Chemist: 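First the structure, which I've put down as structure tokens, then a few questions once you've had a look.
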Amino acid sequence: MNINQRTPYHLFCFVYLGFAQLSNENLSEKVMEEIERKVALWMNVNPNNIVEFNRILHESSDWYNSLKSENRLETVLEIAKSIKNIEGFTMENRKAFLSDIRDIAVADGRFSSAEKQMHDIIGRELGINIMTSEKTIKKKLGY
């Protein structure tokens with residue numbers, strides 16, 4: 001996928017996938033369903049754009065999986081930071097996006113400390129100062 005072909009929906013899906021994988025190595029079916037649900041809501045999926053929706057999920061997953069493991073966290077954070085610069089993407093939109101991250105984290109019934117730390121880091125990249133983790137984050141997350 002060409003960088004010029006990436007839509008905001010690709011960016012959202014990429015960050016959702018990265019968050020889920022980097023904070024919890026095993027992606028459960030519930031987590032994947034929640035990611036799909038969140039992207040579908042942003043896209044207002046209907047019969048007219050279901051093919052585009054499926055293409056975006058597939059391309060975003062391929063993009064994420066094409067990265068070397070050691071580059072994934074940095075790239076996810078770069079993309080999260082770029083989301084705040086999407087034209088017309090307001091602070092309320094960014095808060096809704098971060099809320100989606102929490103929903104994805106708890107889709108499997110728990111909100112682990114790794115998920116909380118990653119949530120807070122993404123929040124900072126979005127320009128939202130929030131602290132859900134119990135400690136200051138100083139180490140690199142990811143597997």
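Nothing here was measured: the structure is a model prediction, and the numbers come from that model.
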Chemist: Taking Ser66 for the side chain and Trp63 for the main chain, is one N or O donor matched with an acceptor at less than 3.5 Å?
Modeler: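 Side chain of Ser66 to backbone of Trp63, a donor-acceptor pair under 3.5 Å: yes, one is there.
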Chemist: Starting at CG of Leu22, measure out to CZ of Arg72 and round the result to the nearest 0.5 Å.
Modeler: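 Rounded to the nearest 0.5 Å, the CG-CZ separation comes out at 7.5 Å.
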Chemist: Nearest 0.5 Å, what's the OH-CG distance between Tyr16 and Asp100?
Modeler: 3.5 Å
Chemist: Checking the side chain of Asn54 only, and the main-chain atoms of Ile50 only, is there a donor and an acceptor separated by less than 3.5 Å?
Modeler: yes
Chemist: Could you state the interatomic distance from CD (Glu36) to CG (Leu17), rounded to the nearest 0.5 Å?
Modeler: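 Reported value, rounded in 0.5 Å steps: 9.0 Å.
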Chemist: Are Ser61 and His58 close enough that a side-chain donor and a side-chain acceptor fall under 3.5 Å?
Modeler: no
Chemist: Applying the 4.5 Å side-chain criterion to the ILVMFWY set and letting contacts propagate, would Leu27 and Ile56 be lumped into a single cluster?
Modeler: yes
Chemist: Pair Lys30, Asp108 - check salt bridge (charged side-chain N to carboxylate O under 4.0 Å, His left out), show working.
Modeler: CA-CA 6 Å; Lys30 289 180 180 182; Asp108 59 3; over 6 Å; no
Chemist: Should Ile86 and Val39 be counted in the same cluster of Ile, Leu, Val, Met, Phe, Trp and Tyr side chains packed under 4.5 Å apart?
Modeler: yes
Chemist: Which pair of non-hydrogen atoms, one from Ala80 and one from Glu125, has the smallest distance, and what is that distance?
Modeler: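 Minimum heavy-atom contact is CB-CB, 4.1 Å.
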Chemist: How many angstroms lie between atom CG of Leu11 and atom OG of Ser82, to the nearest 0.5 angstrom?
Modeler: 5.0 Å
Chemist: State plainly whether one hydrophobic cluster holds both Ile128 and Ile101, where clusters connect Ile, Leu, Val, Met, Phe, Trp and Tyr through side-chain heavy atoms under 4.5 angstrom apart.
Modeler: yes
Chemist: For Asn93 and Thr90, run side chain to side chain donor-acceptor pair (under 3.5 Å): C-alpha distance rounded to whole Å, both residues' side-chain angles, the deciding distance at 0.1 Å, then the answer.
Modeler: CA-CA 5 Å; Asn93 294 135; Thr90 66; 3.0 Å; yes
Chemist: Let me know which of Tyr9, Phe53, Phe89 forms a ring-ring contact (aromatic ring centres under 6.0 Å, His included) with Trp42.
Modeler: Phe89
Chemist: Just checking Lys81: does its NZ atom have more than 12 heavy atoms from other residues, nucleotides or ligands closer to it than 6.0 angstrom?
Modeler: no
Chemist: Test of understanding: with ring pair (Phe, Tyr, Trp, His ring centres under 6.0 Å), list the residues that count as partners of Tyr64, not counting sequence neighbours.
Modeler: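 Here the qualifying residues are Phe14.
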Chemist: Give a yes or no on whether the backbone of Asn71 and the side-chain of Thr75 come within a donor-acceptor separation of less than 3.5 Å.
Modeler: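 Indeed, once roles are kept as given, a pair shorter than 3.5 Å links the two residues.
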Chemist: When rounded to the nearest 0.5 angstrom, what distance separates CG in Asp120 from CG in Leu98?
Modeler: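 One gets 8.0 Å once the value is rounded to the nearest 0.5 Å.
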Chemist: For the pair Asn46 (side chain) and Asn44 (backbone), establish whether a donor and an acceptor sit closer than 3.5 Å, ignoring hydrogens and angles.
Modeler: yes
Chemist: Minimum heavy-atom separation for Val15 and Val76, please, with both atom names.
Modeler: CG2-O, 3.9 Å
Chemist: Does Asn65 reach the main-chain N or O of Asp62 with its side chain, forming a donor-acceptor pair under 3.5 Å?
Modeler: no
Chemist: Using a strict 4.0 Å threshold on nitrogen-to-oxygen distance, state whether Glu34 and Arg37 make a salt bridge.
Modeler: yes
Chemist: Answer with yes or no whether the hydrophobic clustering places Leu67 together with Ile35; edges join I, L, V, M, F, W, Y residues whose side-chain heavy atoms lie under 4.5 Å apart.
Modeler: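 Result: yes, single cluster for both.
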Chemist: At their closest point, which heavy atom of Ser23 faces which heavy atom of Glu115, and how far apart are they?
Modeler: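 Between these two residues, the closest heavy atoms are OG-CG, 3.4 Å.
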Chemist: Honestly curious: do Phe19 and Leu41 fall in one hydrophobic cluster under the side-chain, below-4.5 Å linking rule?
Modeler: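 Per the 4.5 Å side-chain linkage, Phe19 and Leu41 are not co-clustered.
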